[in-house]
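Working notes, structure below.
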Amino acid sequence: MDQSDPNNNNQDDYYDNDYNSVNDEVQDDFLEEVPPGTLMTTNEYGDISIEIPPPNRVPTLNSLGYISPNNNNNNNSVPMLTVEPAEPPQMPYHHPLPIFISTDSSPLTPRTPRTPRTPRTPRTPLSDSSSVGGGGGGGDGENPNGGASTPQRKKSANNLTEKELKKEEKRNKLKKEMEESQTIPFFQLYRFADGWDKLLMFFGSIAAIANGAAIPCISIIFGQVIEAFNPKHFNNDPNYSIIDTIKNVSIWFLIVGGICFILSYLETALWTIAGERQTNRARVEYLSSILRQEIGWFDTNKANELASRINSDTVLFQDAIGEKVGHFLHNLATFVAGFAIGFTKGWQLTLVITSVSPLLAIGGGFMAKMMTEMARLGQEAYSVAGGIAEENIGSIRTVATFSGEVRAVHRYSESLKQALRVGYKKSIFNGFGLGFVQFVILGTYALAFWYGSTLVSKGTRNDLTSKPWTGGDVVSVFFAVIIGATAIGQASPALASFANGRGAAFKIFQVIDRVSKANPFSTRGKRLDRLSGEIEFRNVGFTYPSRPDVPIFRDFNLTIKPGQTIGLVGDSGGGKSTVISLLERFYDPQEGQILLDGEDIRRLNVRALRQKIGLVSQEPVLFATSIAENIRYGKDDATQEEIEHAAKLANAHSFIQNLPQGYSTMVGEKGVQMSGGQKQRIAIARAIIKNPSILLLDEATSALDSENERIVQEAIDILMKGRTTILIAHRLSTIRDADVIVFVKHGSVVERGSHEELMARQGHYFRLVEKQNQQQLQMVMETGRSRRSSTFSDVNPLLDSFRPTKKRANREKKDGTLTIRRKKKAKKTAGPKDVPFSRVIGYSRPEFWLFFFGFLSAVGTGAIYPAFSIVFTKMLTILQNSDPNYITKEANFISLMFVVLAVGSGVSNFFQTFLFGVIGEKLTFRLRVDSFKAIMRQSIGWFDLSENSTGKLTTSLASDASLVQGMTSQRLGFSSEGMEGSGAAGQVASEAITGIRTVASFTTENQVLALYKKQLKIPISNGIKKAHIAGLAFGISTFIIFGVYCLSFWYGGYLVGQREWPATDEEIASNCNAQTIPLYWKDMATCTRAQDMLFGFSSLMKVFFAIVLSAIGVGQASSLAPDIAKAKSATNAIFALLDQQSAIDPTQSGGETIQVPTGDIELKNVHFAYPSRPNNMVFRGFNILISSGTTTAFVGDSGGGKSTVISLLQRFYNPSQGEIFIDGHNIRNLNVKHLRSLFGMVGQEPIMFSGTVAENIAYGKVDATQEEIENAARLANAHGFISEFPDGYNTHVGDKYTQLSGGQKQRLAIARAIIRDPKILLLDEATSALDNESEKLVQEALENVMKGRTTLVIAHRLSTIQNADLIAFVRAGQIVERGTHEELMELDGLYAQLINRQNLNK
């Protein structure tokens, strides 16, 4: 029974929004169901609404067009909506459904019910570019227009109005420009703004504009100040008081300063808060968009790069929509107000100054364009490096095993060099742009004062004031226009930020706007309340998106009846796992159909489909949270009781209860704190709690020992009852009772039937069973006697003697809680020590000469403005003189000095910006490489700690190093708020993206997003707090500047009025003589008083500009204070990492080496607990002696400590007590790299790296030749399937090696170990993922390789270890039985029970 709208009889024709490959029958069904003239629309979530025009509005064929998406709701019983003939506008997340519906002009008439359609033969599906009902074949006669969609579209286009055509042309042009420039229009950056954000930005904009407009008002006040010191006032008024005049003028500085204080706070705080809120929303939407993509998209888009971009790109995005927009509006308003004041005060001078303004625009535009391009290239380059870092940190155990730390650092370093080269170019362009702008500004001073002095000396009439030009007029106009023009230069960095943000947003929105082919968030599609579980693969053809030339299925057909259990067997890589991927809609087939209860699964709601399916894969993915939360991923609202019940069914409850924190125990990143069997049981519990209608078990019990496998298999058997189940297993015992067994080979079903039927047929399956039976025959023969059947109590995973008492468990839990509290307290009180600035400078020692010349350039830049203050003061004094000839002569010379300053400023600013930019880029490069190197040298235990998770470390790598750059370079490369919080959020995103198959299968996208939002609360809260602080700081600094102006002029005017700076006798004699009196001055007393004031004015202005320039320097420094604070914090963090001493450093060259290793191993009285669980002892006095050249097998319970032996041998950890010896050498004294070179490791969950097959095999031996690679592959039975790839050994394994089956990955891992030619082999379930045929061949190869080598084997399949020289049964961290197979069988203890049980299972 499907959920349907009672008012909508066409509900059964739901389609997935992105499903374009449908067959003709679907097209005909759809067209037959829809009344004439009906239009279907979808909203942004994909919900369908039916639009039926009234009889008098039925569109004719000529008006037919695309269905328009809209959200209009009509409460009438018959919705009345319009037809839009033009192409629909692009929706944010989903494309509209392009369905053409034929119409006629007749009124709507009731339709007769349909008669059931007779089954028809399968037809070839439409191509990917086709649409539902568009371009299909002729149909079956029920659609009169058949394949006429194309002509209809042309007619529709021809009917577009001229306005609509222009609009469409403009839209297409914009889209093309966006794709070419790889940026987005600025206003599209605000697509995430809600009502509150718009309100904040609105008032923030008003505050910024008002604040910016208030700044040029200084020029008016300043002009009045200059005019107050005009000596001509003494000729007109003998009682003129300079003190009173200046007092009245100066008070305006305070008034304007108070207003600017409020406006500055609002401008900064409101825009910053709005930016924080929108960025938070963008991050969530970005992650949401990634999570909604189909799995095939991840095959061609590297997950580690996506995880890196979610941290780096959103930082640039935030930079473009936050406070810098307010500052840009501020500067823009300053520009407009400045020129407005200039034109109203004196248009002649303003016009002259304006003629130079285009040069400023050219300089700013050049900077913005080049910075955009450089930012895009830089982000692309670092995303590759970030991906490499994420891959290697996330696979640190494999890296450590094969001593790949140096190679990882080399790859990371090489990928960063491209970003370094981009940084060099960026520094050149930035330096050139800034130098050019400074040259134009000071050149403008020269031009303006030369022309202004001409106006004053000639007594030119100012038309706007109806008076001759005065020095005050020149200063007012000049300052107003220069402040306005300078504001454009100050806006240039903001333009660069906008450009960077637009480039970063293009990548973000590209993902957000991409339409998923299987959207788990969509509410569209049919929902089946009751699912019987009938499955049919009909003529399915499929290739993986990343390997379109390699067909997996050709005309694949498979039918599964409701409640039936199907076992899929066959060679590795034959297509078994692909069946599961297609059924989960991880991919869609290129040909054919997959039907569930008769419905094409592409017509079903994706989320509802996956909720009905429970998946347990051979490599379970756990997330870095508690055990309970991992199980709860199967059911979001699961209670603790339900969680424990599921764990009991999966035989996981016992080991969970024995952990100090129980179900609250953190499993670690990717579940590293759990053994393989423990992870598998948690994954099974997660599937059980989901209570699915269809079970997909892909080697679900491969990592379990025989005891637990039997118990879990019983639980699975109970769970399978009444459910359709697909089993993939290489252990044929787990599928022999299946209703139907299907043998898949080369993408086709070659045999199918029950176990008995296939055995009687003696075909492929028969031969497979025979091979596996031969492996068991000897063990059964050696048993020799009947053994009793085991009961549940016999397979209790822990002996009572080893079970912690309740009292002890409580004590451990209490101790664990106290330890956690102490850790939290220590973390709160302790922090990275402050790093002296000299150390940061010392880190750039190789750039000494760049520093030297950069320092000289900085000194030159700093000297410009003190020199400017002297020249400028001289010019102001000249303009106050009454002698025209004196003004002309002196002003020409001073204008020339301004030109000299302009050239000096341009050159010094260029070299300062360029040289320090290069220094900063080199420092960032060096710090990133050294930080990654420091990470790579840490012990494995360091990575187990939650604060050192992959997401947090890669986030720090992306941000911290570039923040430190701010201590040595002009500008910061990045901005980072709340690193601790964003690091936690980054970890959530990284885990979800890298574990996307698990997230998709369990439909936990909403849980991931909820957790991500929760982790983002801390940084956004901190960001809002800092917004208020920054706003107050900006407001206070602005008010202080105005206060300085007020105080300086008021007190300066008082001193001048009191004649504290009288003119010299020479000055008076030179200017007060018969030539000037009475021509310019009334009498000698007036002239003397005037000269005293002019001299005092000159002294005042020198002091004033010294104070003002100092205040400007302080203001600029304070504007960088938040960045410096962040740089200091990042510096402390990054140098703390660099100083972090590794307990086990694989990069150190010291230590002993074994000249001729033989392979003797001894573990003596070893005590050990994992660093992340110090109160949970794994070993207490563990002892074992292994002779060289022998094979030792460890068997026993999952989580008993078997894999820990291997970890300790490789020195992933150090034991807390006891010693480990190899050939008599304590491994603590051996060189770590040499020690690990003795081992060849194959784990139960092999890790591959992005790259080719050959590169992954050669990872075991750096200088391996192609011949050696192929020989190793042959020994591992991998050469055959590798050769079948189109590119052979050059085939890329894909991101997260998703292009390989489990068996193929395992064989590559074995080849990687074989090529190493190790003295000691470590095999942890090395053949668990292989089919029986491959296992036999690989086992033979391993046995050949094992000859003469010490070998440690961990295996649950006991047939693989029966010939071992020593078999040790490990339980609860102790060896409880040891001996050969025969000896242990004679002992008739735990091992014998295990053998008997496995034989019975067989």
Side-chain angles (χ1 to χ4, degrees), residues 397-408 1146 1151-1161 1186-1193 1206-1207 1209-1212 1222-1225 1227 1230-1243 1246-1249 1251-1280 1282 1289 1305-1327 1330 1334 1337-1354 1360 1363-1365:
R397 280 169 170 73
T398 303
V399 173
T401 295
F402 292 95
S403 300
E405 296 89 356
V406 174
R407 278 171 285 176
E1152 302 173 3
T1153 58
I1154 303 173
Q1155 298 301 321
V1156 185
T1158 59
D1160 287 321
I1161 300 171
I1186 301 171
S1187 301
S1188 62
T1190 62
T1191 298
T1192 300
I1206 289 179
S1207 295
L1209 275 177
Q1210 295 180 94
R1211 276 204 77 190
F1212 286 174
I1222 293 181
D1223 291 346
H1225 295 262
I1227 64 171
L1230 293 177
N1231 176 271
V1232 177
K1233 187 174 181 180
H1234 169 73
L1235 168 67
R1236 291 173 181 169
S1237 70
L1238 303 176
F1239 300 105
M1241 171 71 183
V1242 182
I1247 299 292
M1248 299 288 117
F1249 295 93
T1252 65
V1253 169
E1255 289 169 347
N1256 271 282
I1257 296 175
Y1259 197 79
K1261 185 181 180 183
V1262 180
D1263 55 350
T1265 63
Q1266 183 64 28
E1267 184 180 0
E1268 289 175 314
I1269 291 171
E1270 292 185 13
N1271 286 337
R1274 285 189 178 95
L1275 286 172
N1277 193 28
H1279 181 73
I1282 296 172
Y1289 283 85
K1305 284 183 283 188
Q1306 198 79 309
R1307 281 179 277 176
L1308 288 184
I1310 293 170
R1312 182 172 62 190
I1314 290 173
I1315 202 173
R1316 200 174 174 90
D1317 191 23
K1319 296 300 178 186
I1320 303 171
L1321 270 178
L1322 306 174
L1323 307 176
D1324 188 356
E1325 290 285 350
T1327 60
L1330 299 179
S1334 297
L1337 296 173
V1338 172
Q1339 191 65 38
E1340 290 175 358
L1342 287 175
E1343 287 173 0
N1344 291 331
V1345 175
M1346 287 159 59
K1347 290 178 181 177
R1349 291 181 170 85
T1350 306
T1351 305
L1352 278 71
V1353 182
I1354 297 175
T1360 61
N1363 295 322
D1365 300 293

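In this chain, numbering begins with 1 at the start of the sequence shown.
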Just wondering, do [Y] and [X] contact through their side chains at under 4.5 Å, heavy atoms?
X	Y	result
Leu1352	Ile1161	yes
Asn1363	Thr1191	no
Gln1155	Thr1153	yes

Can you say whether the rings of Phe402 and Tyr1259 are parallel (under 30°), tilted (30 to 60°) or perpendicular (over 60°)? perpendicular
Looking only at heavy atoms, which two atoms of [X] and [Y] are closest? And how far apart?
X	Y	answer
Arg1316	Ser1237	NH2-CA, 3.3 Å
Ile1310	Ala1276	CG2-CB, 3.8 Å
Ile1315	Ala1272	CB-CB, 3.9 Å
Ile1154	Leu1238	CD1-CD1, 4.2 Å
Ala1313	Gly1240	CB-C, 4.2 Å
Arg1307	Ala1278	CB-CB, 4.0 Å

Do NZ/NE/NH1/NH2 and the carboxylate oxygens of Arg1236 and Glu405 come within less than 4.0 Å? yes
Is the backbone N or O of [Y] less than 3.5 Å from a side-chain atom of [X], with the two atoms forming a donor-acceptor pair by type?
X	Y	result
Asp1160	Ser1187	no
Asn1231	Lys1233	yes
Thr1350	Thr1190	no

Residue set satisfying side chain to side chain contact (heavy atoms under 4.5 Å, CB included) with Gln1210, at least two apart, ordered chain then number -> Thr401, Ile1206, Phe1212, Phe1239, Met1241, Leu1322
In Å, rounded to the nearest 0.5 Å, how long is the span from [atom1] of [X] to [atom2] of [Y]?
X	Y	atom1	atom2	answer
Met1248	Thr398	CE	OG1	8.0 Å
Gln1266	Asn1271	CD	CG	10.0 Å
Arg1274	Ile1282	CZ	CD1	10.0 Å
Thr1265	Lys1261	OG1	NZ	7.0 Å
Ile1222	Leu1235	CD1	CG	5.0 Å
Ile1269	Glu1255	CD1	CD	9.0 Å

For Leu1308 and Ile1257, what are the C-alpha separation, side-chain angles and deciding distance, and is it a side chain to side chain contact (heavy atoms under 4.5 Å, CB included)? CA-CA 6 Å; Leu1308 288 184; Ile1257 296 175; 3.9 Å; yes
CD of Glu1267: more than 12 outside heavy atoms within 6.0 angstrom? no
